[in-house]
Protein chains: 2
Amino acid sequence: MSQKGAGIDLDKSLGYLLKEASSALRTAMEEVLRPLGMSVTHYSCLELLAQRPGLSNSELARGAFVTRQTMNVLLQTLEREGYVTRPAEAAVGKVLPARLTPSGRRSLEKATVAVRSVEVRMLAGMTEAEQAHAFRSLQSMIGSLRERDEDAS
Amino acid sequence: MSQKGAGIDLDKSLGYLLKEASSALRTAMEEVLRPLGMSVTHYSCLELLAQRPGLSNSELARGAFVTRQTMNVLLQTLEREGYVTRPAEAAVGKVLPARLTPSGRRSLEKATVAVRSVEVRMLAGMTEAEQAHAFRSLQSMIGSLRERDEDAS
DNA sequence: CAGCGTATGTCAGAATACTGACATGAGTCA
DNA sequence: TGACTCATGTCAGTATTCTGACATACGCTG
């Protein structure tokens with residue numbers, strides 16, 4: 001912070017760079033997913049379900065970083081198109097565990113290949129050690145940002 | 001990549017973590033900017049103009065990672081509310097250089113303090129060296145992601 | 001048991017950002 | 001000069017996501 005009242009120097013701000021990186025990643029993902037007729041949120045939902053079958057709408061929303069309302073309309077679409085199934089009524093409480101259909105699994109496979117290629121490209125030029133370091137740094141930032149939120153609630 | 005066809009392990013994916021960090025940062029910024037009646041994009045625009053007066057609509061859009069159409073409606077709002085001024089017609093070409101008004105500068109000052117506190121909180125627990133390392137890693141990722149885009153165009 | 005706080009699924013409306021399209025001006029090149 | 005390409009500002013329509021609100025279901029605590 002060498003400047004007094006000149007605001008935040010965007011060229012040196014980690015926050016700005018984080019936003020820039022995230023934007024570049026999202027754009028790159030959109031590019032490879034578009035030919036498959038799939039959006040990033042769309043893909044995120046399927047990938048989450050593949051790894052943790054039975055996740056509820058709200059849990060999927062948190063995992064994809066959208067509101068549960070947004071995830072709900074997406075799930076309804078995916079359900080209508082036959083990629084996902086949910087029981088008609090909850091076995092316990094209101095939670096409706098969602099699962100991939102075989103069709104959904106097939107659709108996801110192609111998308112995963114595409115997304116993996118983007119991630120590989122993103123990490124090109126970084127050593128394993130650098131990647132591990134970046135991983136820890138991002139985790140540290142996330143943890144620090146969330147500490148205060150919990151206090152507030 | 002130790003797994004065969006099980007998709008991308010979200011718990012170990014730098015891409016997922018990047019999205020998570022960016023989401024946490026955006027949420028934290030929204031929290032501190034809301035009391036000031038300002039959105040993140042709103043703030044980004046003002047901050048960009050403070051540091052690089054005379055930026056055009058399209059340049060601002062690129063700097064804030066939105067389309068120029070989106071930035072255009074935002075600029076029209078900011079202009080109507082007296083935070084920004086643009087000449088009625090272009091001196092050369094179609095480019096209309098935008099500038100902050102004194103009112104816009106005052107509004108930005110408060111927002112900058114709030115946003116800076118978020119960035120400070122995010123970096124708490126990281127040494128200068130770690131921050132520098134993270135900075136280089138993010139720059140590397142951005143560069144790698146963009147290389148291919150340029151080839152495609 | 002009754003009350004309270006919390007979490008969920010869902011509907012509806014508002015805000016936000018995007019894609020598509022058009023006209024205009026600058027630069028390049030034959 | 002004329003044709004072509006590219007970038008810009010802007011309008012319109014669409015899509016996506018969010019905020020607000022409600023009913024319901026669980027767990028805890030007195």
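Computed from heavy atoms alone, side chains included, the values below leave out hydrogens, waters and symmetry copies. Reminder, nothing fancy here: chain letters follow the sequence lines and each chain counts from 1.
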- Item | Length of the line joining B:L74:CG and D:dC11:P, which is rounded to integer Å | 15 Å
- Item | Nucleotide D:dT19, atom P - distance to CD of B:E31 in whole Å | 11 Å
- Note on the structure: When rounded to whole Å, the CE to P distance for the pair A:M71 and C:dG9 reads 11 Å
- Taking CG from B:L78 and P from D:dG9, how many angstroms apart are they, rounded to a whole number? 15 Å
- Query: Just by distance, with hydrogens left out, do A:T67 and A:T70 show a side-chain donor and acceptor under 3.5 Å apart?
  - Reply: yes
- Message: Holding to side-chain contact (heavy atoms from CB on, under 4.5 Å), I want the full list of residues that pass it with B:P87, two or more places apart in sequence or in another chain.
- Response: B:L96, B:P97
- Look at A:K94 together with A:E89 and state whether they make a salt bridge at an N to O cut-off of under 4.0 Å. no
- Task: Write down the distance between CG (B:L60) and P (D:dT8), rounded to a whole number of angstrom.
- Result: 11 Å
Scan nucleotides 24-29 of chain D against the protein and return all N/O pairs shorter than 3.5 Å with their distances rounded to 0.1 Å.
from: D:dC26; atom 1: OP1; to: A:G93; atom 2: N; distance (Å): 3.2

- Message: Applying ring pair (Phe, Tyr, Trp, His ring centres under 6.0 Å), can you list everything that pairs with B:H133, at least two apart in sequence or on another chain?
- Response: A:H133
- On the 0 to 90° scale, with breaks at 30° and 60°, tag the A:Y16-B:F65 ring pair as parallel, tilted or perpendicular. tilted
- Here the distance between atom C1' of D:dT17 and atom NZ of B:K19, to the nearest Å, is 13 Å
- Please report, rounded to the nearest Å, how far the P atom of D:dT8 is from the CD atom of B:E59. 7 Å
- Do you know which of B:T101, B:L74, B:L49 makes side-chain contact (heavy atoms from CB on, under 4.5 Å) with B:V84? B:L49
- Distance-only donor-acceptor check, side chains A:E130 and B:S137, under 3.5 Å: no
- How would nucleotides 11-22 of chain C be written as a contact map, 5' to 3', with B for base contact, S for sugar-phosphate-only contact and - for no contact, using protein heavy atoms under 4.0 Å? B-----SBBBB-
- Query: Does the side chain of A:E59 come under 3.5 Å of the side chain of A:S56 through a donor N or O and an acceptor N or O?
  - Reply: yes
- Message: Applying salt bridge (Lys or Arg N to Asp or Glu O under 4.0 Å) as the test, list every pair that has at least one member in residues 64-81 of chain A; sequence neighbours left out.
- Response: A:E79-A:R86
- Message: If we count only N and O atoms by modelled type, under 3.5 Å, do the side chains of A:E30 and A:S39 hold a donor and an acceptor together?
- Response: no
- Task: With axes from five pairs an end, tell me the bend angle of the helix from C:dC1-D:dG30 to C:dA30-D:dT1, nearest 10°.
- Result: 30°
- Taken to the nearest whole Å, CZ/A:R86 to P/C:dG9 is 7 Å
